[in-house]
There are 2 protein chains.
Amino acid sequence: MDIARRVGVSQGTVSLVISGGAASDQVAEKTRRAVLQAAAELGYTVNAAARRLKGGRTRMLGLYTFEPVFPVDQRDFYFPFLLGVEEATARYGYDLLLFSSATDGGTRRIYAGGVNRLKVADGCVLLGRHLHRDDLAALVHEDFPFVFIGRREVPDAELSYVAADYVGATRDMVRTLADRGHRHLAYLKLSGDQEPTRDREAGFRQGLGDVGIPEESSMVHTVDDSGVITGDLLRGWLSTGVTALLVEPSEDDSTIVAVERAAAEAAVRIPEDCSVVLLGDPPLGERARDWTRFSLPREQMGREAVRLLLDLLDNDDGEPRQLNLACTPILGVSIAEPPAGLTS
Amino acid sequence: MDIARRVGVSQGTVSLVISGGAASDQVAEKTRRAVLQAAAELGYTVNAAARRLKGGRTRMLGLYTFEPVFPVDQRDFYFPFLLGVEEATARYGYDLLLFSSATDGGTRRIYAGGVNRLKVADGCVLLGRHLHRDDLAALVHEDFPFVFIGRREVPDAELSYVAADYVGATRDMVRTLADRGHRHLAYLKLSGDQEPTRDREAGFRQGLGDVGIPEESSMVHTVDDSGVITGDLLRGWLSTGVTALLVEPSEDDSTIVAVERAAAEAAVRIPEDCSVVLLGDPPLGERARDWTRFSLPREQMGREAVRLLLDLLDNDDGEPRQLNLACTPILGVSIAEPPAGLTS
DNA sequence: GGCCATCCCTAATACGTATTGGTTCCTGGT
DNA sequence: ACCAGGAACCAATACGTATTAGGGATGGCC
């Protein structure tokens with residue numbers, strides 16, 4: 001360190017002056033000024049890499065997404081999360097590392113080439129639907145600190161997450177429908193048995209219980225991978241007495257599109273002939289209907305994820321942090337009272 | 001390094017195996033496998049700070065913005081840059097480090113507390129209007145590799161950038177107006193004398209020269225900090241024969257808003273009484289008029305910035321990389337022929 | 001047996017900082 | 001004159017990696 005040589009003190013002293021807030025009062029005012037001046041003259045700057053090497057912490061938080069964040073078609077879905085994460089990260093004085101490189105032949109993997117790239121950061125926020133369970137399990141196993149946005153489960157481990165309260169939000173929607181007189185509901189769920197699907201179904205059943213509808217008079221239909229719902233299928237449901245649909249939105253909004261198409265095909269009017277509730281956020285398309293739905297507090301979820309992560313870093317008991325945030329119900333125009341004669 | 005102890009080799013050998021592509025062929029296949037397996041079992045990852053300190057690559061590129069990227073009001077302006085940067089970063093197998101923390105009492109500084117935080121990354125893309133020249137100069141001085149999005153100058157140094165060709169785009173707009181018969185133009189520029197402003201003005205004068213309009217019959221007006229343009233002012237211009245305005249957009253779109261307000265106040269119709277060209281992208285507001293304007297290739301600029309940066313990293317001659325990208329002219333409805341009797 | 005080449009690995013070092021125990025020097029008190 | 005104690009600084013070390021010179025072992029060749 002040439003600055004030390006120039007002033008004629010040791011490198012340690014220079015370090016005390018430059019960075020030491022606490023211990024720098026034990027250096028003489030005169031030396032301090034000399035050092036600072038020399039630093040200014042030489043255009044000296046602290047090397048962050050060295051400081052981090054010494055300190056252990058990198059003051060970087062990672063953001064890893066199982067899907068690419070930036071393709072435009074999903075932009076508006078993922079963007080609020082990113083927004084919240086970024087804001088909180090900045091507020092706490094950290095930098096945000098976007099793991100965009102982690103592709104392994106097209107699909108994104110945490111362990112590219114056998115190494116866990118996330119470890120360059122102090123901790124990591126995870127995000128995305130198409131996750132690799134084994135990657136996640138491995139991550140838990142080597143107890144790397146991370147928080148998932150969205151409730152996720154892995155066998156034999158509790159992990160930290162910030163999730164939308166799908167259970168409560170769905171339950172409330174069932175009540176809303178019941179309040180309007182609906183007694184026969186159909187829940188259209190996605191295939192795949194992911195946590196969000198399970199939570200919505202749990203909320204559906206809770207809601208039925210709360211309002212005293214026997215499970216037999218309602219139904220659960222799984223939308224298969226083709227995503228097709230025919231008009232005949234819809235007519236079939238209505239003929240069994242169903243008056244309202246609760247639809248789980250898929251990533252590409254195919255389910256809700258399929259419902260609209262089926263309704264058109266079967267000449268079923270929404271909401272006059274059939275009420276429809278969207279269990280989540282609506283499609284991003286412009287001419288979207290004003291669905292009755294609930295909306296995730298996505299930005300807040302991002303912020304809270306960071307908060308939990310830092311909490312995890314600072315006091316590392318082995319305890320997972322778990323947080324469910326309420327969704328905002330939005331009363332759109334896609335529900336009404338059941339058609340006359342079908343209220344019971 | 002416990003991985004070395006575990007396998008029973010030296011740390012140097014481990015390093016050869018882990019990172020050494022070139023020299024790693026001089027290590028026995030057997031030890032190599034043993035090391036790799038131990039690494040996998042222990043969940044080892046290289047310490048980026050250490051590697052960087054030693055002089056190696058981190059495979060991280062930084063993105064530093066002089067303004068916060070994420071506040072929603074500027075989101076749509078900065079987002080395309082971010083998009084392009086992210087895409088290119090990922091494509092080249094790098095991760096993207098967002099320097100969001102770099103705030104020093106409200107304003108964003110590169111050298112917060114004397115530390116050059118950017119140094120943890122291999123190189124950095126810079127972005128933003130309110131830059132600190134001295135930070136930039138310091139960065140050049142310690143020749144840290146970076147590319148600016150937008151043309152920037154610092155004294156006594158040439159720096160790398162990817163810029164929109166404001167000169168050419170503005171020149172073409174002058175021609176477009178001249179083609180329609182306009183001979184008296186007014187250029188409304190921002191105060192502050194930043195490069196984008198200077199480039200537009202240079203383009204303005206070039207255009208005048210090209211079409212043979214003497215500079216005296218046109219005018220340049222600087223919009224002061226208040227951003228106010230009165231109806232009287234506008235009327236004054238028109239009375240001197242001005243038939244078209246070229247307006248430099250400000251960050252908060254105040255100039256173009258001010259022009260509209262002044263026009264309304266003075267009962268001047270756009271474009272019947274006065275043509276208006278926007279020298280850049282239009283306001284983000286919904287009910288925006290279809291301005292005649294030009295549009296920056298922002299996403300492409302982001303991508304190219306990354307490309308130049310990597311080029312800079314790979315073959316480090318001291319040469320700066322500079323790239324100007326053409327803007328796309330958009331013919332909106334805000335220009336017309338001059339009012340009758342004023343065509344000459 | 002002596003010599004050299006090859007192979008595989010180790011030891012040492014540098015990178016730039018933060019921290020700690022220790023040393024020197026000075027002041028003041030007895 | 002001596003010691004206590006504090007002020008101001010230094011030397012040494014650790015952080016984790018990449019790199020280089022070199023060393024020990026082995027084998028081949030004359």
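The sequence lines fix the lettering, A, B, ..., with proteins before strands; numbering per chain opens at 1.
- An OP1 or OP2 oxygen of D:dC10 is reached within less than 4.0 angstrom by a side-chain nitrogen or oxygen of A:Thr13.
- Between the side chain of A:Asp122 and the backbone N or O of A:Arg59 there is at least one donor-acceptor pair closer than 3.5 Å.
- Taking five base pairs at each end of the helix from C:dG1-D:dC30 to C:dT30-D:dA1, the local helix axes there meet at an angle of 70°, rounded to 10°.
- Taking A:Ala34 as the reference, A:Val7 meet the side chain to side chain contact (heavy atoms under 4.5 Å, CB included) condition, with sequence neighbours excluded.
- Distance from the side chain of B:Asn47 is smallest for D:dT17 among the nucleotides C:dC15, C:dT10, D:dT17.
- In this structure, A:Arg33 places its CZ atom 13 Å from P of D:dA8, rounding to the nearest Å.
- Counting to the nearest Å, the C1' atom of D:dC9 and the CD atom of A:Glu29 are 15 Å from each other.
- Listed nucleotides C:dG16, C:dC9, C:dT10 differ in distance to B:Val27; the shortest reach to its side chain belongs to C:dC9.
- The aromatic rings of A:His132 and A:Phe66 sit tilted, their planes meeting at an angle between 30° and 60°.
- In this structure, B:Asp122 places its CG atom 16 Å from P of D:dT17, rounding to the nearest Å.
- A donor N or O paired with an acceptor N or O is not found under 3.5 Å between the base of C:dA11 and the side-chain atoms of B:Gln11.
- For D:dG16, the OP1/OP2 oxygens have no side-chain nitrogen or oxygen of B:Arg51 closer than 4.0 Å.
- A search for side-chain hydrogen bond (donor to acceptor under 3.5 Å, both in side chains) contacts involving B:Arg298 returns nothing, not counting sequence neighbours.
- Taking atom CG of B:Leu42 as the reference point, atom P of D:dG16 lies 14 Å away to the nearest angstrom.
- Atoms CD1 (A:Ile18) and P (C:dG16) sit 15 Å apart, rounded to a whole Å.
- By the 30° and 60° cut-offs, the orientation of the rings of A:Phe81 relative to A:Tyr78 is tilted.
- Atom pair A:Lys30:NZ and D:dA7:P shows a separation of 18 Å (rounding to whole Å applied).
- Under 4.0 angstrom from either OP1 or OP2 of C:dG16 there lies no side-chain N or O belonging to A:Ser15.
- The distance between atom CG of A:Leu53 and atom P of D:dA18, rounded to the nearest whole Å, is 12 Å.
- The side chain of A:Lys54 has C:dT17 as its nearest neighbour among C:dC8, C:dT17, D:dA8.
- Every residue meeting the side chain to side chain contact (heavy atoms under 4.5 Å, CB included) condition with B:Thr13, not counting sequence neighbours, appears here in chain and number order: B:Val9, B:Ser10, B:Val27.
- Take the nearest nucleotide of DNA chain C for B:Ala50 and for B:Gly12: the residue whose nucleotide is more 5' is B:Gly12.
- Distance CZ (B:Phe144) to P (C:dG16): 15 Å, rounded to an integer number of Å.
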Please tabulate the protein-to-nucleotide N/O contacts below 3.5 Å involving nucleotides 22-27 of chain C, giving atom names and distances.
none

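- Judged as a side-chain hydrogen bond (donor to acceptor under 3.5 Å, both in side chains), and not counting sequence neighbours, the contacts of A:Glu153 are A:Arg151, A:Arg198.
- Applying the side chain to side chain contact (heavy atoms under 4.5 Å, CB included) test to B:Ser160 and every residue at least two apart in sequence or in another chain returns B:Val147, B:Leu312, B:Pro320, B:Arg321.
- Checked against side chain to side chain contact (heavy atoms under 4.5 Å, CB included), B:Ala157 has the following partners two or more places apart in sequence or in another chain: B:Val140, B:Val154.
- Considering only residues two or more places apart in sequence or on other chains, B:Arg51 meets the side-chain hydrogen bond (donor to acceptor under 3.5 Å, both in side chains) condition with none of them.
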